[in-house]
**Q** 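So that we are looking at the same thing, I have put the structure below in structure tokens.
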Amino acid sequence: MPPELHITIPLMDELEHLPVLINCIEMQDWKDFVVHFCVNQPEAWWDDAQRRGVCERNQESIRYIREHALFPLNILDRCSRGNGWQGRDLGVGWARKVAMDAAAGMAGPGDIIISLDGDTTFGEGYFSSVLQNFAENPDAVGLSVPYYHRLCGREAEDRAILRYEIYMRNYAINMWRISNPYSFTALGSAMAVPAKAYRAIGGMSPKKSGEDFYFLQKLVKYGRLLTWNTEKVYPAARFSDRVFFGTGPAMIRGATGDWSSYPVYHYRFFDDVRSTYAAFPLLFGEDVATPLDSFIKKQLSDERPWDPLRRNSTTSDRFVKACSDRIDGLRILQYLKHSQRMSGLRDEDCLLELIRDHYPHHFRDLFREDLNFDKAPVQQLDAIRDVLAEIEASYQRKHHNTHA
């Protein structure tokens, strides 16, 4: 019996995007699926004059879905009066968890859960491409799908999303370059997981936002995460405060000139991570110096951070895995942020040096020494984004084909 797909979509104030979303779903060439919509907002918004409009549009969204969606669906109503989020349990992370938990509760062990967002588009072969990918890679425990933000033609939004994508792709390229196991891009609209793997890791951790990063990190620690797919997804590029951090808030802050939370990290800091990972086998026998020593000791408040891992590891391989689990994607990101902040390096110079030193065949007029993200035309930023997307895709394909 072929697997069934369970599509999970958190929705909050997405009425304007529903026609396109529903059309994308109905046009799929694979028809055996159920869509789980979690329409949500905090309960308190019903009594907030500035937010009540969101509550009313959420009600309209439920009516629109019921009237226009011609496919099997499950509406998880966390927006009607009495059903909204209470207290601190709120946000897109909770909505995604509720939808994915519902899907996992209905799914058979061979079924697949696909995570989307209400403003994301995709081609008619997307669902079938995910199924085919898992069929060809039965050992995989998850999929981080390649993405690409389409521009909207409004300079402010286009400039902001391109700057954010340059940040994301620089990070991803460097993680691939050093062959780090946490080489993935976390987008809630671009994930898929077998139901049995979702249940095995205890599902999605309840987070207000950033849930996609923590979820994919859990999957990496559990097994093999796929990072290539023949079909992409196309998230919307828009200013949004629906989440506490991520694309929308980054664009809002970036539009004011504040990119401090999303820097273009210099490649040498990734080299520090690679050197530290390379030292893990040696650390099983004795302490040796690593570039991350002072940072790790401070973060963990432990002057001998490797001792507990040695005591609990009977073999070198288990010790190395324990080290990788401890110095994980989150810890690496913290080190990068700390090192970049202390360096005072200019984002543009970090990108220029990466391309010049590691991808010289791409070093052309786009990457002039006078590059300035704030002054560069949108067309130049778009071309830079495309170069980085090409480099990233080459890593993804190579890694996928090597392990297929």
Side-chain angles (χ1 to χ4, degrees), residues 7-26 34-71 73-103 115-121 149 152 154 156-157 160-161 164 187-189 204-212 235-256 258 261:
I7 316 303
T8 61
I9 308 176
L11 294 175
M12 186 177 75
D13 202 10
E14 296 283 9
L15 182 60
E16 64 180 301
H17 293 104
L18 286 179
V20 172
L21 173 66
I22 288 175
N23 182 65
C24 281
I25 295 172
E26 290 181 342
V34 178
V35 182
H36 305 263
F37 295 100
C38 182
V39 190
N40 72 105
Q41 96 273 322
E43 179 68 20
W45 286 11
W46 279 107
D47 299 315
D48 182 338
Q50 293 184 325
R51 297 287 194 173
R52 186 181 175 93
V54 173
C55 306
E56 293 170 348
R57 288 189 293 275
N58 278 343
Q59 296 297 294
E60 286 293 322
S61 293
I62 290 178
R63 285 191 285 271
Y64 187 92
I65 292 168
R66 286 174 173 161
E67 291 174 6
H68 293 88
L70 303 177
F71 43 77
L73 59 89
N74 174 27
I75 295 179
L76 301 157
D77 180 358
R78 300 307 303 266
C79 64
S80 297
R81 217 180 240 289
N83 293 341
W85 304 122
Q86 301 279 357
R88 299 174 64 184
D89 298 343
L90 54 89
V92 67
W94 274 94
R96 203 178 304 282
K97 174 179 171 56
V98 166
M100 295 185 80
D101 284 356
S115 175
L116 289 170
D117 279 340
D119 60 358
T120 299
T121 59
H149 290 97
C152 66
R154 295 183 294 273
E157 282 109 314
I161 194 58
Y164 183 64
L187 288 174
S189 56
M204 178 163 288
S205 300
K207 303 282 184 181
K208 289 182 179 179
S209 57
E211 78 292 343
D212 41 15
R238 56 176 173 160
F239 297 118
S240 172
D241 60 0
R242 288 171 172 81
V243 296
F244 297 91
F245 57 89
T247 307
M251 291 176 63
I252 291 173
R253 292 183 65 179
T256 68
D258 182 5
S261 295

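Heavy atoms only: backbone and side chains are in, while hydrogens, waters and symmetry mates are out.
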**Q** Between E157 and R154, is the closest basic N to carboxylate O distance under 4.0 Å?
**A**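 A salt bridge is present here (some side-chain N lies under 4.0 Å from a carboxylate O).
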
**Q** Report yes or no: does R78 contribute a side-chain atom to a donor-acceptor pair with the main-chain N or O of V39 at less than 3.5 Å?
**A**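 Not a single qualifying donor-acceptor pair exists.
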
**Q** Verify side chain to side chain donor-acceptor pair (under 3.5 Å) between H17 and D119, making sure each step is shown before the conclusion.
**A** CA-CA 6 Å; H17 293 104; D119 60 358; 5.4 Å; no

**Q** Which distance, rounded to the nearest 0.5 Å, do you find between the CH2 of W45 and the CG of D47?
**A** 13.5 Å

**Q** Closer than 4.0 angstrom, basic N to acidic O: yes or no for E67 and R63?
**A** no

**Q** Listed by chain and number, what are the side-chain hydrogen bond (donor to acceptor under 3.5 Å, both in side chains) partners of W85, not counting sequence neighbours?
**A**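 Checked W85 against side-chain hydrogen bond (donor to acceptor under 3.5 Å, both in side chains); matches are N40.
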
**Q** For E26 and L70, indicate whether the former's side chain and the latter's backbone hold a donor-acceptor pair under 3.5 Å.
**A** yes

**Q** Can you list the steps and then say if R66 with I75 is a side chain to side chain contact (heavy atoms under 4.5 Å, CB included)?
**A** CA-CA 9 Å; R66 286 174 173 161; I75 295 179; 3.6 Å; yes

**Q** With no hydrogens and no angle check, just 3.5 Å: does a side-chain donor-acceptor pair link T120 and D117?
**A**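 Checked: T120/D117 side chains show no N/O donor-acceptor pair below 3.5 Å.
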
**Q** With a 4.5 Å heavy-atom cut-off, do L11 and C38 have their side chains touching?
**A**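 The answer is no, as the side chains (C-beta and beyond) never meet within the 4.5 Å cut-off.
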
**Q** About how many Å separate CZ of R81 and CD of E43, when rounded to the nearest 0.5 Å?
**A** 6.5 Å

**Q** Can you name the nearest heavy-atom pair linking L76 to A102, along with the distance?
**A** CD1-CB, 3.9 Å

**Q** What pairs with S115 under side-chain hydrogen bond (donor to acceptor under 3.5 Å, both in side chains), at least two apart in sequence or on another chain?
**A** R96

**Q** Would you give the length of the straight line joining atom CD of E60 to atom CD of E16, rounded to the nearest 0.5 angstrom?
**A**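 One gets 14.0 Å once the value is rounded to the nearest 0.5 Å.
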
**Q** Checking T8 against L116 for the side chain to side chain contact (heavy atoms under 4.5 Å, CB included) test, could you report, in this order, the C-alpha distance in whole Å, the side-chain angles of both residues, the deciding distance, and whether it holds?
**A** CA-CA 6 Å; T8 61; L116 289 170; over 6 Å; no

**Q** Quick one: CD1 on I65 to CZ on F37, what's the gap to the nearest 0.5 Å?
**A** 4.5 Å

**Q** Measure the CG-CZ distance between D48 and R52 for me, rounded to the nearest 0.5 Å.
**A**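 So the gap between those two atoms works out to 10.5 Å.
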
**Q** Side chain of N58, backbone of D13: donor and acceptor closer than 3.5 Å?
**A** yes

**Q** Indicate yes or no: at least one non-hydrogen side-chain atom of I22 is less than 4.5 angstrom from one of F71.
**A**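 In contact.
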
**Q** Tell me whether W46 contacts the main-chain N or O of C79 through its side chain, where contact means a donor paired with an acceptor under 3.5 Å.
**A**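 Such a contact is found between W46 side chain and C79 backbone.
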
**Q** Just wondering, do V92 and M12 contact through their side chains at under 4.5 Å, heavy atoms?
**A** no

**Q** As an exercise, state the distance from CG of D77 to CG of N83, rounded to the nearest 0.5 Å.
**A** 4.5 Å

**Q** Can you name the side chain to side chain contact (heavy atoms under 4.5 Å, CB included) partners of S61, sequence neighbours left out?
**A** L15, L18

